[in-house]
Amino acid sequence: MSLSHADATWFAEQVESMTANIEKAVLGKRHVVRLALTCMISGGHLLLEDFPGTGKTMLARALANTIESSHARIQFTPDLLPSDVTGVTVYDQHRGTFEFHRGPIFHHLVLADEINRASPKTQSALLEVMEEGHVTVDGVTHAVPIPFMVIATQNPIEQAGTYRLPEAQLDRFLMKTSVGYPDAASTEELLMDSAVRDRASLIRPVTTGATISRLAELADTVYVDRAVVRYVREIAEASRDAEHVKLGLSARGCLAFIRVAKTWAAAAGRGHVIPHDIKLLAEPVLCHRVLLGAEAAFSGISVAEVVDELMGSVRPPEDRSFVSA
């Protein structure tokens with residue numbers, strides 16, 4: 001079953017409504033906002049890495065407030081324990097039974113602020129829930145609500161007292177992006193409204209968790225031509241053989257490519273994926289999955305440069321209509 005024109009139009013209208021709502025708090029960052037929404041609808045998790053004060057937390061909170069569902073914020077610190085994230089089993093003396101007290105991870109949207117400041121043991125507490133959608137404590141499995149999304153932030157500058165996320169955990173983030181500094185017009189508008197201390201708190205819900213689930217179902221029906229699938233496969237193979245690359249795109253990364261491309265196409269009002277969708281989403285999907293060798297790091301070569309060179313070396317499919325079957 002392919003995405004109908006009516007469903008594609010409704011999909012695009014819903015995404016546009018949420019985008020406009022979030023832009024009230026995050027000025028001049030339409031592309032980043034669309035990436036965050038694409039990640040949520042695709043059922044994935046988002047890693048925001050940027051300088052302090054660029055609006056990483058603001059974006060996460062604005063997204064949470066846009067959806068009429070529960071959300072929580074976890075401030076990651078070196079002394080944070082896994083049980084502070086997942087919850088803990090407590091013995092009730094009056095009833096004579098053990099009761100599970102749910103942690104902040106049991107919300108639809110969870111903001112893991114400065115995730116690289118917590119110990120690897122605490123970071124790993126997120127692995128199961130991000131991949132499987134449930135938490136196991138004392139041998140008992142507890143499901144998290146649906147939809148569920150983790151937005152993690154980290155500061156790339158201040159590395160003292162931090163713990164680098166391992167590659168296995170980075171791969172569990174569907175996309176990685178940065179907010180960046182606002183443009184001149186957005187900066188001036190922000191300064192003119194300096195009396196507003198918390199712009200995210202002004203955001204009111206415009207949709208529900210049920211609508212997000214419906215959008216996710218519709219995104220799965222978007223048509224992907226075999227030529228586009230082959231294009232993604234060739235990108236993955238080229239990344240593994242590319243110069244300066246130690247670890248290329250995995251099969252899970254290829255699946256991530258297809259998932260986000262379907263959602264991106266539907267958000268544009270299309271029922272099919274085009275090669276331009278793949279090229280546009282290459283950086284947020286690839287950059288945290290491609291691991292450079294030591295020589296490249298010492299030479300000052302960035303992952304973004306390698307990804308740009310990689311996308312330029314793989315020819316996209318041509319002379320195809322890419323219309324739904």
Side-chain angles (χ1 to χ4, degrees), residues 1-23 26 29-48 59-60 62-64 66-67 69 108-109 130-131 133 146-151 171-177 206-225 228-229 231-232 235 249 251-289 316 322-325:
M1 180 179 178
S2 301
L3 186 67
S4 66
H5 177 72
D7 285 338
T9 302
W10 178 78
F11 196 113
E13 290 173 350
Q14 291 297 314
V15 173
E16 177 59 32
S17 174
M18 290 186 285
T19 301
N21 199 49
I22 296 173
E23 282 187 305
V26 185
K29 296 298 175 182
R30 185 176 183 83
H31 181 68
V32 178
V33 171
R34 294 295 285 262
L35 287 177
L37 287 172
T38 298
C39 191
M40 166 170 275
I41 297 171
S42 302
H45 310 286
L46 179 65
L47 178 62
L48 295 174
L59 172 61
L63 176 59
T66 294
I67 303 167
S69 58
H108 291 281
L109 194 148
M130 289 175 64
E131 185 70 16
I146 298 175
F148 173 74
M149 180 183 185
V150 172
I151 299 181
D171 199 28
R172 281 167 169 78
F173 287 98
L174 187 61
M175 290 193 288
K176 174 186 174 183
T177 188
V206 296
T207 190
T208 63
T211 300
I212 297 297
S213 297
R214 176 57 181 160
L215 291 173
E217 293 174 0
L218 291 175
D220 287 337
T221 65
V222 172
Y223 176 74
V224 184
D225 193 271
V228 176
V229 172
Y231 183 39
V232 172
I235 292 172
L249 187 64
R252 179 161 50 191
C254 294
L255 289 171
F257 237 142
I258 299 298
R259 285 167 58 193
V260 297
K262 284 184 172 184
T263 304
W264 192 268
R270 283 185 277 105
H272 58 280
V273 175
I274 60 176
H276 183 67
D277 296 330
I278 302 298
K279 297 186 70 173
L280 196 62
L281 295 165
E283 187 171 332
V285 172
L286 284 175
C287 276
H288 62 296
R289 291 184 167 92
F322 300 106
V323 295
S324 58

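Just so we're clear, the structure is a prediction, and the values are computed from it rather than from any experiment.
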Non-hydrogen atoms of [X] and [Y] that approach each other most closely:
X      : Y      : answer
Pro147 : Gly209 : CD-O, 3.6 Å
Val260 : Phe257 : CG2-O, 3.3 Å
Ile278 : Ala261 : CD1-CB, 3.7 Å
Ala60  : Leu109 : O-CD2, 4.2 Å
Leu215 : Trp10  : CD2-CZ3, 3.4 Å
Val222 : Ala266 : CG2-CB, 3.9 Å

Hey, does [Y] have a side-chain heavy atom less than 4.5 Å from the side chain of [X]?
X      : Y      : result
Leu174 : Cys39  : yes
Leu48  : Ile151 : yes
Val15  : Thr38  : no
Ile212 : His108 : no
Val33  : Leu59  : yes
Ser17  : Thr207 : no
Lys176 : Glu283 : no
Thr66  : Leu37  : no

Nearest-0.5 Å distance that lies between atom [atom1] in [X] and atom [atom2] in [Y]:
X      : Y      : atom1 : atom2 : result
His276 : Lys279 : NE2   : NZ    : 8.0 Å
Cys254 : Leu249 : SG    : CG    : 4.5 Å
Thr9   : Gln14  : OG1   : CD    : 12.0 Å
Ile22  : Arg30  : CD1   : CZ    : 10.5 Å
Ser69  : Met149 : OG    : CE    : 11.5 Å
Thr177 : Leu35  : OG1   : CG    : 5.0 Å

Practice item. Start with the C-alpha distance between Glu16 and Glu13, add both sets of side-chain angles, then the distance that settles side-chain contact (heavy atoms from CB on, under 4.5 Å), and finish with yes or no. Key: CA-CA 5 Å; Glu16 177 59 32; Glu13 290 173 350; 5.7 Å; no
Review point. More than 12 heavy atoms of other residues, nucleotides or ligands under 6.0 Å from CG of Leu255: is that the case?
Key: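 More than 12 heavy atoms, drawn from other residues, nucleotides or ligands, come within 6.0 Å of this atom.
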Practice item. Step through the shown structure and confirm whether more than 12 heavy atoms of other residues, nucleotides or ligands are within 6.0 Å of NE2 on His5. Key: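 No, because the 6.0 Å sphere around NE2 of His5 holds 12 heavy atoms or fewer from other groups.
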Exercise for review: May I ask you to say whether Arg34 pairs ionically with Glu23, meaning some side-chain N is under 4.0 Å from a carboxylate O?
Suggested key: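 Salt bridge flag = no for Glu23 with Arg34.
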Review point. Is a salt bridge present between Lys262 and Asp220, judged by a nitrogen-to-oxygen distance below 4.0 Å?
Key: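 A salt bridge is absent here (no side-chain N lies under 4.0 Å from a carboxylate O).
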Check your understanding: Side chain of Arg289, backbone of Asp171: donor and acceptor closer than 3.5 Å?
Key ->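 Side chain of Arg289 to backbone of Asp171: a pair is present.
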Review point. Which residue, Leu47, Leu286, Val285, forms the side-chain contact (heavy atoms from CB on, under 4.5 Å) with Met175?
Key: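 Exactly one candidate clears the test, Val285.
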Exercise for review: Scan side-chain atoms only and decide if Thr263 and Ser42 contain a donor-acceptor pair under the 3.5 Å cut-off.
Suggested key: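 Present: a donor and an acceptor within the cut-off.
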Exercise for review: Evaluate the side-chain contact (heavy atoms from CB on, under 4.5 Å) criterion for residues Asp277 and Arg270: first the C-alpha distance (whole Å), next the side-chain angles of each, then the deciding distance (0.1 Å), finally the verdict.
Suggested key: CA-CA 11 Å; Asp277 296 330; Arg270 283 185 277 105; 2.9 Å; yes
Point to revise | Between His272 and Trp264, ring centroids under 6.0 Å | key: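 No, the ring centres sit 6.0 Å or more apart.
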Exercise for review: Go through Phe173 and His288 one step at a time and tell me if the side-chain contact (heavy atoms from CB on, under 4.5 Å) criterion holds.
Suggested key: CA-CA 9 Å; Phe173 287 98; His288 62 296; 4.1 Å; yes
